[in-house]
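Quick caveat, the model's predicted, so the values are computed rather than measured.
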Amino acid sequence: MVSSPAVPELPEVETVRRSLAPHVVGRRVERVEARRIKLRRGIDPRPWRARVLGATLERIGRRGKYLLLEFDRATVVIHLGMSGRLQLARPGREHDPHTHLVLGFGRGVELRFVDPRRFGAAFIVAPGTTDRVPELAALGPDPMQEDVAPALRDAAARSRAPIRSLLLDQHVVAGLGNIYANEALARAGIHPLRRAETIAPRRVARLAAEIRAVLENALIAGGTTLADGGFADAEGASGYFAVQLAVYGREGEPCPRCGSVIRRVVAGNRSAFFCPRCQR
DNA sequence: AAGCCAACCTGGACGC
DNA sequence: TGCGTCCAGGTTGGCT
């Protein structure tokens, strides 16, 4: 039984994007509160006030796990890291102690970026330049926005690394974390530590399709909620039903397809879960 | 030079 | 009850 909170991967970030948008798009930032806290990059309060105060939010985009708050005069790029959350709250209500950034939108709505483990990031770029921002430009295709099969096939053909490493590499495919990488491999019948270049192209194509399918399922479910319900959307709802995970966190349990005992091995500092019979 | 691995960080689970 | 220890993972950077 896994009990740690779910880390935001693509479906969780997309769920945040969708739940946030109706409350803040079209609104103007009337107050900015930025703490000089060392996230993946430090947040310097001054440019936040200078560039975001008074700006109107036109839309919220997403690339992989990055959220893009597109204002008329700046774009705010946010990565939730492992424990980051964006909360909508009434101004004045009690703050989580790990609040790093607050954007006050008037009409009694404020957006708070909370991230206890501080693996997240928030930074400002010039509007319309996101494809030139190094972090974003280097991302591989987003499985919910385009077909990742060609990129995945090319990367796999050229790599001796375990296939799961490729799936976790955001430069190959953007948006997967350890949970959905493991799940997609289970659905495709591919062992997570199988050397990428040894997988037949048609099986890689199948994997690309299963990536899409597993992400869509999760999106429908509104993001994965593990045992203790760690993930909540922007409005703080936590009533999601958990996506049925086939292998992740199920070491020792029977494979839902064949009944074999699901195994866990640690590789690349991360747990890989798989059915030894279904996945080769 | 690709691929591996430690480091970053803290809440929660677990054991005694 | 409480304290200590361990573990989780996204991303980067250093090492081989």
Checklist line | Side-chain donor/acceptor of A/Arg62 to backbone N/O of A/Gly64, under 3.5 Å | finding: yes
Note to self: Mind checking if A/Asn178 touches a base, just sugar-phosphate, or nothing, with heavy atoms under 4.0 Å?
What the structure shows: sugar-phosphate
Next item on the list: Mind calculating the distance between CG (A/Asp169) and C1' (B/dC5) to the nearest angstrom?
Entry: 15 Å
Check: Is A/Asn182 reaching over with its side chain to a backbone N or O of A/Asn178, donor-acceptor style, under 3.5 angstrom?
Finding: yes
Check: Within less than 4.0 Å of OP1 or OP2 of B/dG11, is there a side-chain N or O belonging to A/Ser83?
Finding: no
Item checked: For atom CE of A/Met82 and atom P of B/dG12, their distance in whole Å -> 13 Å
Checklist line | Interatomic distance, A/Leu139 atom CG to A/Tyr66 atom OH [nearest 0.5 angstrom] | finding: 6.0 Å
Note to self: Looking only at the side chain of A/Lys65 (C-beta and beyond, no hydrogens), which of the listed nucleotides C/dG9, C/dG10, C/dT12 gets closest?
What the structure shows: C/dG10
Checklist line | Identified side chain to side chain contact (heavy atoms under 4.5 Å, CB included) counterpart of A/Arg112 within the set A/Arg85, A/His95, A/Glu33 | finding: A/His95
Item checked: Any A/Tyr248 side-chain nitrogen or oxygen under 4.0 Å from OP1 or OP2 of C/dG9 -> yes
Next item on the list: Using only side-chain N and O atoms of A/Gln170, determine if any of them is under 4.0 Å from OP1 or OP2 of C/dG10.
Entry: no
Margin query: Apply salt bridge (charged side-chain N to carboxylate O under 4.0 Å, His left out) to residues A/Arg63 and A/Asp131 and explain how you reach the verdict.
Written below: CA-CA 10 Å; A/Arg63 274 282 288 148; A/Asp131 44 357; over 6 Å; no
Notebook entry, point to check: Among residues 155-168 of chain A, which contact DNA chain B at a heavy-atom distance under 4.0 Å?
Noted result: A/Ser159, A/Arg160, A/Ala161, A/Pro162
Margin query: Please determine whether a side-chain nitrogen or oxygen atom of A/Arg264 lies at a distance below 4.0 Å from atom OP1 or OP2 of C/dA8.
Written below: yes
Margin query: Applying a strict under-4.5 Å side-chain criterion to I, L, V, M, F, W and Y, I'd like to know whether A/Leu69 and A/Ile124 cluster together.
Written below: yes
Notebook entry, point to check: Hey, does the side chain of A/His79 come within less than 4.0 Å of C/dG10's phosphate (OP1/OP2), counting only N and O?
Noted result: no
Margin query: Students often mix this up, so state it plainly: with edges at 30° and 60°, are the rings of A/Phe113 and A/His100 parallel, tilted or perpendicular?
Written below: perpendicular
Next item on the list: Figure out the NE2/P separation between A/His98 and B/dT10, and round it to whole Å.
Entry: 7 Å
Notebook entry, point to check: Between atom CG in A/Leu10 and atom P in C/dT11, what is the gap in whole Å?
Noted result: 11 Å
Margin query: How many whole angstroms separate atom CZ of A/Arg117 from atom C1' of B/dT10?
Written below: 6 Å
Next item on the list: Would you check if the side chain of A/Arg164 reaches a backbone N or O of A/Ala267 as a donor-acceptor pair within less than 3.5 Å?
Entry: yes
Check: Taking the side chain of A/Phe119 as heavy atoms from C-beta outward, which of C/dG10, C/dT12, B/dA6 is closest to it?
Finding: C/dG10
Note to self: Measuring from atom CD1 of A/Ile163 to atom CZ of A/Arg194, what distance do you get when rounded to the nearest 0.5 angstrom?
What the structure shows: 10.0 Å
Item checked: Distance, rounded to the nearest Å, where A/Leu139 contributes CG and C/dT11 contributes C1' -> 12 Å
Checklist line | A/Ala267 or A/Arg118, whichever maps to the more 5' nucleotide of DNA chain B | finding: A/Ala267
Checklist line | Short side-chain N/O contact to C/dT11 OP1/OP2 from A/His171, under 4.0 Å | finding: no
Note to self: Report for the helix from B/dA2-C/dT16 to B/dC16-C/dG2: angle between first-end and last-end helix axes, five pairs each, rounded to 10 degrees.
What the structure shows: 50°
Note to self: Without decimals, in angstroms, what is the distance between A/Tyr66 OH and C/dG10 P?
What the structure shows: 12 Å
Checklist line | Atom-to-atom span, CD of A/Glu183 to P of C/dG9 - whole angstrom | finding: 13 Å
Margin query: Categorize A/Arg270 for me: base, sugar-phosphate, or nothing, with a 4.0 angstrom heavy-atom threshold over every strand shown.
Written below: base
Item checked: Sidechain-backbone polar pair: A/Arg187 side chain, A/Arg206 backbone, donor-acceptor under 3.5 Å -> no
Note to self: Of the options B/dA6, B/dC9, C/dG10, whose atoms approach the side-chain atoms of A/Asn269 most closely?
What the structure shows: B/dA6
